[in-house]
Amino acid sequence: MGLLDKVSSWLGNRPRVTAPVLVLGLDRAGKTSLLHALRPPDPTAQGAQQGAPQGVAPQMEHFQSGGVAFSAWDVSGAARARALWERHYRRAHALIFVVDAADHLRLVVAREELELVLAHPDMSARRVPLLVLANKSDVPGALPPDQLAGALGLARVVDRPWHVAAASARSGAGLADGIAWLARQVRDMHTPPKIQH
Ligand SMILES: Nc1nc2c(ncn2[C@@H]2O[C@H](COP(=O)(O)OP(=O)(O)OP(=O)(O)O)[C@@H](O)[C@H]2O)c(=O)[nH]1
Ligand SMILES: [Mg+2]
C-alpha cells in the first residue's frame, strides 16, 4: 500500500469517485518515475525499474487520494510519440503535466507542447483540471513553482483550474500535496451544485 493510500485508509476515505488522468510531459521529465512513486507497491514485482525505458504503448497506473481513485495513463514523451497524446484527451478527467524543473533549456519546448495540448479541441472545450508537477525539485537549480508557472505562461490559462506543485519522484516530496489538489478539483466537478432557495 502506498503512502497516499495508507493516509487515505487511516482517514477512512474510501474512493467515491474514479477519474482517468492523463500524464504528459517531455521525455525524461520523470512521468514514469512519479507514477511508480505513487502506486501501491507490488510484492510480486521483481526488479521493477524506476524510469525504465518504455515503448510507445501507454502504461496504466492506479493510485488514490482524497476519496478519488485515479487511473493514470503514462504516455511516452519522446518527440515521435507526442503526436499520439491526442488519442487520450477525450477520456481524460484530469491532466498532469510533468516538467523537469531543472532542465532550463527545454522549458520552451515544454511550454509549446503544453499549449498544443490545451488548444486541442478535445481539451479546450472541457474544464479538465491541470496539475503541473515541477519535478526534480531535489536537483540544484530546479525552478520553484512560481517561476515555472511564469516560464510556462500559465497566467494565460483561464479556462480551467490549474496548479503548479514542486515535486521529486526521487524523494517523494511534494507529490501528496499536488495530487490532493487534483483530487479536490475532480471531487468538485462531481459534486452537484447546491440548489439555492
Ligand atoms: N534527481 C531526480 N531524477 C529524477 C526524478 N524523477 C525522475 N528522475 C530521473 O529522470 C530520468 C527520466 O525519468 P523517467 O521517469 O523515465 O521520465 P519519463 O518522463 O517517463 O520519460 P519518457 O518515458 O521517455 O517520456 C530517470 O533517469 C529518472 O531516474 C527526480 O525527481 N529527481
Ligand atoms: Mg516514461
Side-chain angles (χ1 to χ4, degrees), residues 2-4 20-42 45-63 65 70-89 91-92 94-118 120 123 128 130-149 151-152 154 162-182:
L3 181 62
L4 289 176
V21 55
L22 185 55
V23 182
L24 300 178
L26 300 186
D27 49 300
R28 298 191 63 77
K31 302 176 295 298
T32 303
S33 304
L34 282 162
L35 284 169
H36 286 187
L38 282 166
R39 75 179 175 195
D42 176 359
Q46 300 253 321
Q49 304 237 321
Q50 253 208 353
Q54 72 183 70
V56 161
Q59 309 286 312
M60 283 297 276
E61 298 284 354
H62 303 276
F63 54 91
S65 174
F70 289 99
S71 302
W73 290 288
D74 172 15
V75 186
S76 168
R80 70 179 191 291
R82 286 178 212 152
L84 305 177
W85 288 358
E86 65 181 31
R87 293 181 180 184
H88 307 283
Y89 294 166
R91 284 179 291 169
L95 173 62
I96 299 177
F97 194 79
V98 181
V99 181
D100 179 343
D103 185 356
H104 300 194
L105 283 178
R106 291 210 300 166
L107 279 177
V108 178
V109 186
R111 176 181 178 147
E112 285 170 0
E113 293 292 356
L114 178 59
E115 284 173 355
L116 283 174
V117 174
L118 299 182
H120 190 282
M123 274 291 179
V128 172
L130 165 67
L131 171 66
V132 176
L133 288 177
N135 192 35
K136 307 198 187 182
S137 61
D138 58 290
V139 176
L143 284 188
D146 55 337
Q147 288 184 31
L148 186 68
L152 294 177
L154 289 176
W162 58 265
H163 176 66
V164 187
S168 169
R170 187 151 289 179
S171 70
L175 265 181
D177 286 350
I179 300 299
W181 177 86
L182 196 59

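Worth knowing before you read on, the calculation uses all heavy atoms, side chains too, and leaves out hydrogens, waters and symmetry mates. For the single chain, residues carry numbers from 1 onward in sequence order. Just follow the structure's listing: the first ligand is 1, and inside any ligand the first atom is 1. These numbers come from a predicted model, not from an experiment.
Distances from ligand 1 to the non-hydrogen atoms of Gly25 include no value under 4.0 Å. No heavy atom of Leu34 sits closer than 4.0 Å to any atom of ligand 1. Within the structure, ligand 1 lacks Val98 among the residues with a heavy atom less than 4.0 angstrom away.
Against a heavy-atom cut-off of under 4.0 Å, Asp138 is close to the following atoms of ligand 1: 1 (N), 2 (C), 30 (C), 31 (O), 32 (N). Interface atoms of ligand 1 facing Ala29, defined by a heavy-atom separation under 4.0 Å, are 17 (O), 19 (O). Contact atoms of ligand 1 toward Ser76: 25 (O) (distance under 4.0 Å to a heavy atom of the residue).
Using modelled atom types, one finds no donor on one side chain facing an acceptor on the other under 3.5 Å when comparing Asp138 with Ser171.
Ligand 1 has a nitrogen or oxygen under 3.5 angstrom from a nitrogen or oxygen of Lys31. In terms of polar-atom proximity, defined here as any N/O pair under 3.5 Å, Gly30 does make such a contact with ligand 1. At under 3.5 Å, not a single nitrogen or oxygen of Ala167, backbone or side chain, sits near a nitrogen or oxygen of ligand 1. For Val75, no nitrogen or oxygen atom sits less than 3.5 Å from a nitrogen or oxygen atom of ligand 1, counting backbone and side chain alike. For ligand 1, the polar-atom distance check finds an N/O of Thr32 within less than 3.5 Å of one of the ligand's N/O atoms. Any N or O atom pair closer than 3.5 Å counts here, and Ser33 shares at least one such pair with ligand 1.
Heavy-atom contacts from other residues, nucleotides or ligands closer than 6.0 Å to CZ of Arg87 number 12 or fewer.
Counting backbone and side-chain atoms alike, Thr32 contributes an N/O/S atom closer than 2.8 Å to the Mg ion (ligand 2).
Ala166 approaches Ser137 most closely through the heavy-atom pair CB-CB, 4.3 Å.
Using a 30° and 60° split on the angle between ring planes, His120 and Tyr89 fall in the perpendicular class, above 60°.
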